[in-house]
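These notes concern the structure reproduced below.
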Amino acid sequence: MSSSPPVKTRRVFYIPGYDPIHPRRYRELYRKESAVQAAISGYELTLRPKVTKGPYGWHVSAQMDGAEVETDVEVLYWSDIVRDSMANTIPATYLSLIRTASVYIFSGALFRLMRLRKGPVIAALYPVMFLLVQLLLAIGLGLLAVWGAAALIGLVMPGAELVAWLALPLIMVPVLRWFKAKDNKFFAYYLMHDYSFSASTLGANSDALEERIASFAETIATALKSDMDEVLVVGHSSGAHLAVSILSDLIRAGKVREDGPVLSFLSLGQVVPMVSFLPRAQRLRADLAYLSARDELTWVDVTAPGDGCAFALCDPVAVTGVAGAGKRWPLVISAAFTQTLSPERWKELRWRFFRLHFQYLCAFDRPDHYDYFRITTGPLTLYARYKDRAPSKSRIETPVNRYRSVA
């Protein structure tokens with residue numbers, strides 16, 4: 001990958017994770033956090049409505065490091081597929097709990113994951129355990145109601161126990177519904193749906209997801225035909241492994257021209273092993289191996305040990321066990337939350353696990369080598385920004401490889 005001239009125009013395609021909400025949330029997050037980061041770092045960003053056709057997005061004019069850069073950011077959203085995959089009833093959620101746990105346990109994926117970072121494994125076990133606690137609490141309160149009703153009814157009629165058992169569902173159902181209604185605080189149902197999404201197909205892509213991947217690839221292919229200086233694909237959380245397959249398809253199809261825009265891939269807070277370790281994830285494993293050896297793009301993977309939902313500093317190619325002799329990517333670096341956030345800010349965010357998983361898209365009050373807004377709107381390509389950082393060296397372990405940060 002040769003050095004490239006300064007960027008004046010850029011297209012950014014952001015692929016969110018398993019998220020059922022409208023993409024305007026990401027615009028508001030970008031607007032708010034970019035203003036904070038610009039004030040801290042001393043550059044100027046102006047957001048306007050997008051000027052290109054295609055998915056939902058916005059335009060950013062940047063004055064940074066003595067240069068002016070025009071960037072169009074677009075969200076390649078699949079929130080409709082996410083919403084369709086979510087169980088609407090409480091019994092269906094508990095059924096998916098049993099199915100998902102069985103898949104990860106009996107396939108051996110859970111035990112392989114436990115050899116990596118503890119944080120995401122705990123995050124994966126959390127919805128299972130918390131949903132079981134909810135169920136046990138509902139049963140316990142229901143049994144107390146049965147005992148109380150039996151004692152009360154027994155004073156006036158025989159056969160009180162049989163009648164009292166009718167109180168069990170009358171207590172259990174409202175308790176379980178209360179927990180479900182409060183899931184915007186607990187995230188147990190949401191995370192259970194997330195993990196069951198891939199487990200339901202044992203790691204294979206559904207037909208709907210494959211169709212969306214093909215659609216996203218065509219959108220990016222159109223941008224690669226333009227006169228933009230850089231096309232940057234950003235995959236966050238579950239969106240990272242979708243981006244791996246999208247970019248692999250584009251390169252295989254010959255859609256990345258030598259005389260076209262520089263192609264860059266930034267994966268953030270990736271959870272690739274949650275899918276790539278599943279038995280039918282052959283498509284993803286093949287794409288990981290393929291993309292890691294290509295010179296048509298630059299791939300930088302950013303995670304942080306402070307993010308308990310991501311496989312921090314775990315090279316997604318190496319830990320999956322598909323790293324070949326020609327492997328070049330990804331370059332694994334750390335966002336180092338404990339260093340790039342002030343002690344006061346870190347104290348404020350430390351236990352807000354879901355919020356920390358989005359910190360990669362937010363402002364840092366002590367920014368270092370990673371600045372999301374410099375990457376997406378600055379005058380340097382992703383390669384130029386990190387060209388002095390050599391890819392990390394592997395240490396082979398059985399059955400997975402672990403990569404350390406080069407940060």
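Position 1 is the first residue of the sequence; numbering continues from there. These values consider heavy atoms only, across backbone and side chains, with no hydrogens, waters or symmetry-generated copies. As the structure is a prediction and not an experimental result, all values here were calculated from the model.
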(message) Distance check, rounded to the nearest 0.5 Å: Leu341 atom CG versus Leu356 atom CG?
(response) 8.0 Å
Would you call the rings of [X] and [Y] parallel, tilted or perpendicular, taking 30° and 60° as the class edges?
X: Trp58; Y: Tyr56; value: perpendicular
X: Tyr386; Y: His369; value: perpendicular
X: Tyr18; Y: Tyr190; value: tilted
X: Tyr370; Y: Phe364; value: perpendicular

Is it the case that over 12 heavy atoms from other parts of the model lie below 6.0 angstrom from the [atom1] atom of [X]?
X: Arg257; atom1: CZ; value: yes
X: Asp207; atom1: CG; value: no
X: Arg24; atom1: CZ; value: no
X: Phe216; atom1: CZ; value: yes
X: Glu33; atom1: CD; value: yes

(request) Please assess Met172 against Leu141 for the test side-chain contact (heavy atoms from CB on, under 4.5 Å), listing each intermediate value before the final yes or no. (result) CA-CA 7 Å; Met172 285 185 60; Leu141 291 174; over 6 Å; no
(request) Determine yes or no for a side-chain-to-main-chain donor-acceptor pair under 3.5 angstrom, with Thr9 supplying the side chain and Asp229 the backbone. (result) yes
(request) Determine, stepwise, if the pair Tyr14 / Tyr30 fulfils ring-ring contact (aromatic ring centres under 6.0 Å, His included). (result) CA-CA 11 Å; Tyr14 173 74; Tyr30 196 101; 9.2 Å; no
(message) Let's go through Phe13 and Phe265 carefully: what are the C-alpha distance in whole Å and the side-chain angles of both, what is the deciding distance for ring-ring contact (aromatic ring centres under 6.0 Å, His included) to 0.1 Å, and is it a yes or a no?
(response) CA-CA 10 Å; Phe13 295 98; Phe265 174 31; over 10 Å; no
Regarding [X] and [Y], do their side chains bring together a donor and an acceptor under 3.5 Å, going by distance alone?
X: Ser61; Y: Arg48; result: yes
X: Ser267; Y: Asp301; result: yes
X: Gln270; Y: His241; result: no

(message) Using the side chain to side chain contact (heavy atoms under 4.5 Å, CB included) criterion, which residues pair with Gln282? Sequence neighbours excluded.
(response) Arg280, Arg285
(request) Look at Asp287 together with Arg252 and state whether they make a salt bridge at an N to O cut-off of under 4.0 Å. (result) yes
(message) Is there a salt bridge (charged side-chain N to carboxylate O under 4.0 Å, His left out) between Asp249 and Arg283? Walk through the geometry before answering.
(response) CA-CA 11 Å; Asp249 287 352; Arg283 147 82 136 141; 2.9 Å; yes
(request) Could you name each residue pair satisfying side chain to side chain donor-acceptor pair (under 3.5 Å) that touches residues 215-226, not counting sequence neighbours? (result) Glu218-Lys255
(message) Can you tell me which residue among Tyr126, Tyr189, Phe186, Phe179 is in a side chain to side chain contact (heavy atoms under 4.5 Å, CB included) with Leu131?
(response) Tyr189
(request) List for me each residue that meets side chain to side chain donor-acceptor pair (under 3.5 Å) alongside Glu28, sequence neighbours excluded, and say none if there are none. (result) Arg31
